[in-house]
There are 2 protein chains.
Amino acid sequence: MTKFMNQKNEIINKLRGSGLRPTKQRILIAKNLFDNNKTFHFTVETLNRKINKSGNEKISLATIYNTVEAFTNAGYLKEILTSKNKSYYDTNIKSHHHFYDEGSKELTDINYNQIKLSKVPIPPKGKKIKNLEVVIRIQK
Amino acid sequence: MTKFMNQKNEIINKLRGSGLRPTKQRILIAKNLFDNNKTFHFTVETLNRKINKSGNEKISLATIYNTVEAFTNAGYLKEILTSKNKSYYDTNIKSHHHFYDEGSKELTDINYNQIKLSKVPIPPKGKKIKNLEVVIRIQK
DNA sequence: TATCTAGTTTATAATAATTCTAAACTAGAA
DNA sequence: TTCTAGTTTAGAATTATTATAAACTAGATA
Ligand SMILES: [Mn+2]
Ligand SMILES: [Mn+2]
Ligand SMILES: [Zn+2]
Ligand SMILES: [Zn+2]
């Protein structure tokens, strides 16, 4: 009871902290994404299915898109560009690497320290490195 | 004269060698892609513009798509998945890495030996590494 | 060289993911 | 309670790509 109360308040504070109004849609989506003690990868399609399946009130696809974008901009989600034609998102926002299975089209985390880059090039003049995360493509 | 002859014959042999009929469309596209002594990156959109601009006879967009796919399957091109919603291709088929500029949306090659991976994880059981090329995202 | 046909090209339609639009709704400040 | 900027929503629009099916052609064979 108080636990649920706290969880919801945490979400509300988190949203407010980024200038996002805590609407019931955002709160419900946030619960689905951040409630767990484990992180996971998803696409808009899978998130939409998950949310509009259970006993939940329905949320429009447009809002799912809007919210995922807002959460990504706020730094609560990371976008992972790895697949043709479809964006993946990660609730694990720590810097880390991935396996991407070309067959099942699934991502798996690789801990940051599981890959060691002993030599990295200097970026072109005037540019800086925004992100250096490795995607290793695997298959059967 | 003989030089052009040879170039065209090289292309024809290359195509035949992969079971691809050397049609005039494929030959023209191949000239645009492989004629140079330098490699480059492109999207279907940029290739289509390039080909349907100059004095060339026109080639349909569908054929551009078909041909890029055929050349990729034949190993003459590499697909680079790095950008949301659009596929990039590389005429450099040697194993190498890339900078991807988020601002200009341009790829730049990084020589294979400019990045050294001193530690790489073992892929999940039953899977093997298909590809380990690093994309470093850069910005201003 | 003429004929034949599987492979290819093409215009166009269809699909898939995503973004846009504009009207209805709502959080929360006043 | 009122008010309004921010938000949600259904549906249309857009973009990249793939599918369809009719017309064309490379090149093997007669
Ligand atoms: Mn798309
Ligand atoms: Mn697409
Ligand atoms: Zn991850
Ligand atoms: Zn390259």
Side-chain angles (χ1 to χ4, degrees), chain A residues 8-9 11-32 41-52 56-74 76-77 79-89 105 107, chain B residues 8-9 11-32 41-52 56-74 76-77 79-89 105 107:
Chain A
K8 187 171 176 182
N9 282 334
I11 288 173
I12 289 177
N13 291 334
K14 188 171 181 171
L15 293 173
R16 287 230 172 83
S18 311
L20 296 170
R21 278 196 193 166
T23 63
K24 70 177 192 301
Q25 291 86 345
R26 285 175 178 161
I27 291 166
L28 177 56
I29 294 172
K31 273 182 186 164
N32 273 275
H41 308 102
F42 67 94
T43 64
V44 167
E45 192 195 356
T46 62
L47 178 61
N48 186 48
R49 250 204 306 276
K50 187 179 181 188
I51 285 184
N52 286 308
N56 301 327
E57 305 129 80
K58 304 299 177 231
I59 297 181
S60 78
L61 182 58
T63 296
I64 308 265
Y65 271 103
N66 291 342
T67 303
V68 166
E69 191 188 18
F71 286 5
T72 303
N73 291 338
Y76 305 150
L77 291 174
E79 192 176 6
I80 298 175
L81 300 175
T82 191
S83 154
K84 210 181 162 100
N85 295 335
K86 196 181 269 190
S87 283
Y88 282 68
Y89 296 87
K105 297 182 188 311
L107 286 163
Chain B
K8 186 170 176 182
N9 281 335
I11 288 173
I12 289 177
N13 291 335
K14 188 172 181 171
L15 293 174
R16 286 230 173 84
S18 311
L20 296 170
R21 276 196 195 166
T23 63
K24 70 177 194 300
Q25 291 87 346
R26 285 175 177 161
I27 291 166
L28 177 55
I29 293 172
K31 273 182 186 165
N32 273 273
H41 307 103
F42 67 94
T43 64
V44 167
E45 192 195 355
T46 62
L47 178 62
N48 186 47
R49 251 205 305 276
K50 186 179 182 189
I51 284 184
N52 286 309
N56 300 328
E57 305 128 79
K58 305 297 177 234
I59 297 180
S60 78
L61 181 59
T63 296
I64 307 265
Y65 271 103
N66 290 341
T67 303
V68 166
E69 190 188 18
F71 285 6
T72 302
N73 291 338
Y76 305 150
L77 291 174
E79 192 176 7
I80 299 175
L81 300 175
T82 192
S83 154
K84 209 181 161 98
N85 295 335
K86 196 180 268 190
S87 282
Y88 282 67
Y89 295 88
K105 297 182 190 311
L107 286 163

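Per chain, numbering begins at 1; letters A, B, ... match sequence-line order.
- Checked against side-chain hydrogen bond (donor to acceptor under 3.5 Å, both in side chains), A:Tyr76 has the following partners two or more places apart in sequence or in another chain: A:Ser18.
- Rounded to whole Å, atom P of D:dT7 lies 17 Å from atom CG of A:Leu28.
- By the 4.5 Å heavy-atom criterion applied to side chains, B:Tyr65 and B:Asn48 are not counted as neighbours.
- For the pair A:Gln25 CD and D:dT8 C1', the interatomic distance rounds to 6 Å; values are reported in whole Å.
- With sequence neighbours left out, B:Lys86 forms a side-chain hydrogen bond (donor to acceptor under 3.5 Å, both in side chains) with B:Glu45.
- Residues satisfying the salt bridge (charged side-chain N to carboxylate O under 4.0 Å, His left out) test with A:Lys31, not counting sequence neighbours, are none.
- A search for salt bridge (charged side-chain N to carboxylate O under 4.0 Å, His left out) contacts involving A:Lys84 returns B:Glu79, not counting sequence neighbours.
- Of the residues in residues 56-67 of chain A, those placing a heavy atom less than 4.0 Å from an atom of DNA chain D are A:Lys58, A:Ile59, A:Ser60, A:Ala62, A:Thr63, A:Asn66, in numerical order.
- Counting to the nearest Å, the P atom of C:dT18 and the CG atom of A:Leu47 are 12 Å from each other.
- Evaluation of the side-chain contact (heavy atoms from CB on, under 4.5 Å) rule for B:Asn32 yields B:Leu28, B:Lys50, B:Ile51, B:Asn56 as partners, not counting sequence neighbours.
- The interatomic distance linking A:Phe42 (CZ) with C:dA17 (C1') rounds to 15 Å, in whole Å.
- B:Ser87 comes within 4.0 angstrom of the backbone, heavy atoms only, and of no base.
- Residues passing the side-chain contact (heavy atoms from CB on, under 4.5 Å) test with A:Thr63, sequence neighbours excluded: A:Gln25, A:Ile59, A:Ser60, A:Thr67.
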Check nucleotides 24-30 of chain C against the protein and report each pair of N or O atoms closer than 3.5 Å, with its distance, or say if there are none.
residue : atom : partner : partner atom : Å
C:dA27  : N3   : A:Arg21 : NH1          : 3.4
C:dG28  : OP1  : A:Arg16 : NE           : 3.2
C:dG28  : OP1  : A:Arg16 : NH2          : 2.8
C:dG28  : OP2  : A:Arg16 : NH2          : 3.2

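- Regarding B:Lys86, its NZ atom lies at a distance of 18 Å from the P atom of C:dA17, rounded to whole Å.
- Here B:Arg26 does not reach the OP1 or OP2 of D:dA26: none of its side-chain N or O atoms lies under 4.0 Å away.
- Atom pair B:Leu81:CG and C:dA17:P shows a separation of 15 Å (rounding to whole Å applied).
- Here the C1' atom of nucleotide D:dA26 and the CG atom of B:Leu15 are 13 Å apart, to the nearest Å.
- Taking atom CD on B:Glu45 and atom C1' on D:dT17, their separation rounds to 13 Å, with Å as the unit.
- Taking A:Ala70 as the reference, A:Leu20 meet the side-chain contact (heavy atoms from CB on, under 4.5 Å) condition, with sequence neighbours excluded.
- To the nearest 0.5 Å, atom CG of residue A:Asn52 and atom CD of residue A:Glu57 are 10.5 Å apart.
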